[in-house]
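Contents: one structure, followed by commentary.
Quick caveat: nothing in here was measured; it's all calculated off a predicted structure. Just so you know, ligand 1 is whichever comes first in the structure, and atom 1 is the first atom listed for that ligand.
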Amino acid sequence: MRFLTYGSTNIDLIFTVDHILEGGETLQSSNLVKSAGGKGANQSTALAKAGAEVYHAGKIGEDGAFLLDLLCSWGVDTRYVRSYDGATGQALIQVDRNGQNAIILYGGGNKAITIEEIEETLDDFGDGDMLVLQNEIVHTAHLITSAKERGMRVCMNIAPFDPSVFDLPLDLLDLLVVNEIEGAALAEMEGGSPFEAILDRLVARYPTTEILLTVGADGSYYGFASNRIHQPIIEAEVVDTTAAGDTYIGYYLAAIGRGYSPKEAMYRATKASAITVSQSGAMASIPYAQEVFD
Ligand code: RIB
């Protein structure tokens with residue numbers, strides 16, 4: 001299976017802080033690292049490190065050239081990443097003493113992607129290929145419908161969640177990935193509703209779509225038709241949770257591409273994420289296949 005991630009490519013500025021900044025507060029950080037990130041590029045990296053054939057599509061400015069070098073070094077095919085005369089997407093990330101983060105995004109090139117570029121890229125893909133999406137770029141509805149018209153399978157993680165997600169043709173997706181807050185919002189349920197109930201509602205609402213519900217310390221849930229699976233987390237020392245979700249998705253898809261069942265793919269994805277959270281950074285913290293599949 002070939003994977004095409006159409007997605008964000010960001011320069012991450014990671015500040016290590018005691019706690020996440022509050023309104024009106026000024027805080028010293030004990031460390032600052034400039035690194036490679038973006039949910040889309042992280043997903044591509046996870047797929048590539050997991051051994052899958054992956055193409056990354058998106059847009060960057062001159063300041064993002066180092067991102068391409070890194071993606072290539074991990075085996076991501078970057079021929080569909082366009083350049084433009086503007087800034088690359090940026091993420092200002094605070095990581096606190098518990099490894100939890102808070103992120104501010106600047107869209108940059110991620111928001112300058114055009115329909116023409118999308119069409120030109122999708123023309124090279126079709127039946128048997130999978131499009132991987134998140135919610136950090138523009139024209140996502142067009143991407144979903146156009147990829148489906150070409151016979152591709154489509155997976156989307158709707159993070160970072162915003163109300164525009166309600167306007168997307170999510171019923172066309174083959175795989176929908178949500179966390180508990182996003183899941184409850186899509187299911188039109190109260191926050192704090194039981195995970196199983198959220199999952200049941202989503203399965204009923206999107207009957208042709210496999211659902212992955214990731215719920216932090218409680219692991220992840222899978223639902224499709226009458227099939228339900230729960231995968232608990234694998235304990236790890238948490239240093240930085242950045243890119244844990246992207247790692248999970250990349251490894252889940254790569255495992256499915258290798259012919260694993262959803263249950264086994266969830267286990268591999270969980271193992272990969274546990275390694276990611278135990279190390280600092282986004283792409284750099286994503287493990288290689290031998291650490292996860294052996
Ligand atoms: O999921 C983590 C990613 O979210 C970071 O790399 C940052 O760029 C934001 O897109």
Side-chain angles (χ1 to χ4, degrees), residues 5-17 20 31-50 54 56-61 63-64 66-68 70-71 74 76 81 87-96 98-113 132-138 140 155-162 164-165 177-182 212 214-216 220 238-253 269-270 272-287:
T5 309
Y6 221 121
S8 53
T9 319
N10 289 343
I11 298 169
D12 287 355
L13 290 176
I14 307 174
F15 294 78
T16 305
V17 290
I20 304 297
N31 197 27
L32 170 60
V33 178
K34 177 177 162 185
S35 69
K39 288 191 194 311
N42 295 340
Q43 289 168 344
S44 287
T45 300
L47 279 157
K49 286 188 173 179
V54 56
H56 185 73
K59 195 173 251 184
I60 57 169
D63 53 344
F66 76 98
L67 299 169
L68 287 194
L70 275 173
L71 286 169
W74 288 314
V76 177
V81 179
T88 301
Q90 309 247 346
L92 192 161
I93 305 179
Q94 301 172 55
V95 178
D96 74 10
N98 300 314
Q100 299 306 313
N101 66 29
I103 302 179
I104 300 174
L105 292 174
Y106 170 70
N110 304 317
K111 301 289 184 188
I113 292 166
V132 185
L133 299 170
Q134 19 55 48
N135 193 30
E136 288 186 344
I137 60 169
V138 286
T140 305
C155 161
M156 181 171 182
N157 172 20
I158 61 169
F161 185 75
D162 66 55
S164 71
V165 166
V177 186
V178 292
N179 67 22
E180 69 270 37
I181 297 163
E182 296 154 357
L212 271 176
T214 58
V215 292
S220 54
V238 179
V239 173
D240 178 1
T241 56
T242 308
D246 309 327
T247 303
Y248 184 101
I249 293 165
Y251 265 87
Y252 178 85
L253 293 175
T270 302
S273 301
I275 297 171
T276 294
V277 301
S278 68
Q279 301 174 95
S280 179
M283 284 184 206
S285 68
I286 299 172

Pairs of nitrogen or oxygen atoms, one from ligand 1 and one from the protein, closer than 3.5 Å: please tabulate them with distances.
residue  : atom   : partner : partner atom : Å
ligand 1 : 1 (O)  : K39     : NZ           : 2.8
ligand 1 : 1 (O)  : D246    : OD2          : 2.7
ligand 1 : 4 (O)  : K39     : NZ           : 3.3
ligand 1 : 6 (O)  : D12     : OD2          : 2.6
ligand 1 : 6 (O)  : G38     : N            : 3.0
ligand 1 : 6 (O)  : N42     : ND2          : 3.1
ligand 1 : 8 (O)  : N10     : ND2          : 3.0
ligand 1 : 8 (O)  : D12     : OD1          : 2.6
ligand 1 : 8 (O)  : G38     : N            : 2.9
ligand 1 : 10 (O) : N10     : ND2          : 3.2
ligand 1 : 10 (O) : K39     : N            : 3.3
ligand 1 : 10 (O) : E136    : OE1          : 2.9
ligand 1 : 10 (O) : E136    : OE2          : 2.7

Quiz item: Taking atom types as modelled, is there a side-chain donor on D12 or S35 under 3.5 Å from an acceptor on the other?
Solution: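 No, because no side-chain N or O of D12 sits under 3.5 Å from a partner of the opposite role on S35.
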message: Between Y248 and S220, is there a side-chain donor-acceptor contact under 3.5 Å, judged purely by atom types and distance?
response: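 On atom types as modelled, these side chains qualify, holding a pair under 3.5 Å.
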Exercise for the section: With sequence neighbours left out, write down each residue that passes ring pair (Phe, Tyr, Trp, His ring centres under 6.0 Å) with Y252, or none if nothing qualifies. Expected result: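 If we apply the ring pair (Phe, Tyr, Trp, His ring centres under 6.0 Å) test to Y252, skipping adjacent residues, there are no hits.
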Item to check | Contacts of A244 that satisfy side chain to side chain contact (heavy atoms under 4.5 Å, CB included) - sequence neighbours left out | outcome: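 With sequence neighbours excluded, A244 shows a side chain to side chain contact (heavy atoms under 4.5 Å, CB included) to V277, given in chain and number order.
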Side-chain contact test, heavy atoms from C-beta onward, threshold under 4.5 Å: evaluate it for P160 versus E136 and give yes or no.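 They are in side-chain contact.
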Donor-acceptor contacts, no H, no angles, side chain residues 105-113, under 3.5 Å, sequence neighbours left out:
residue : atom : partner : partner atom : Å
N110    : OD1  : T9      : N            : 3.0
N110    : ND2  : N10     : OD1          : 2.8
N110    : ND2  : G107    : O            : 3.1

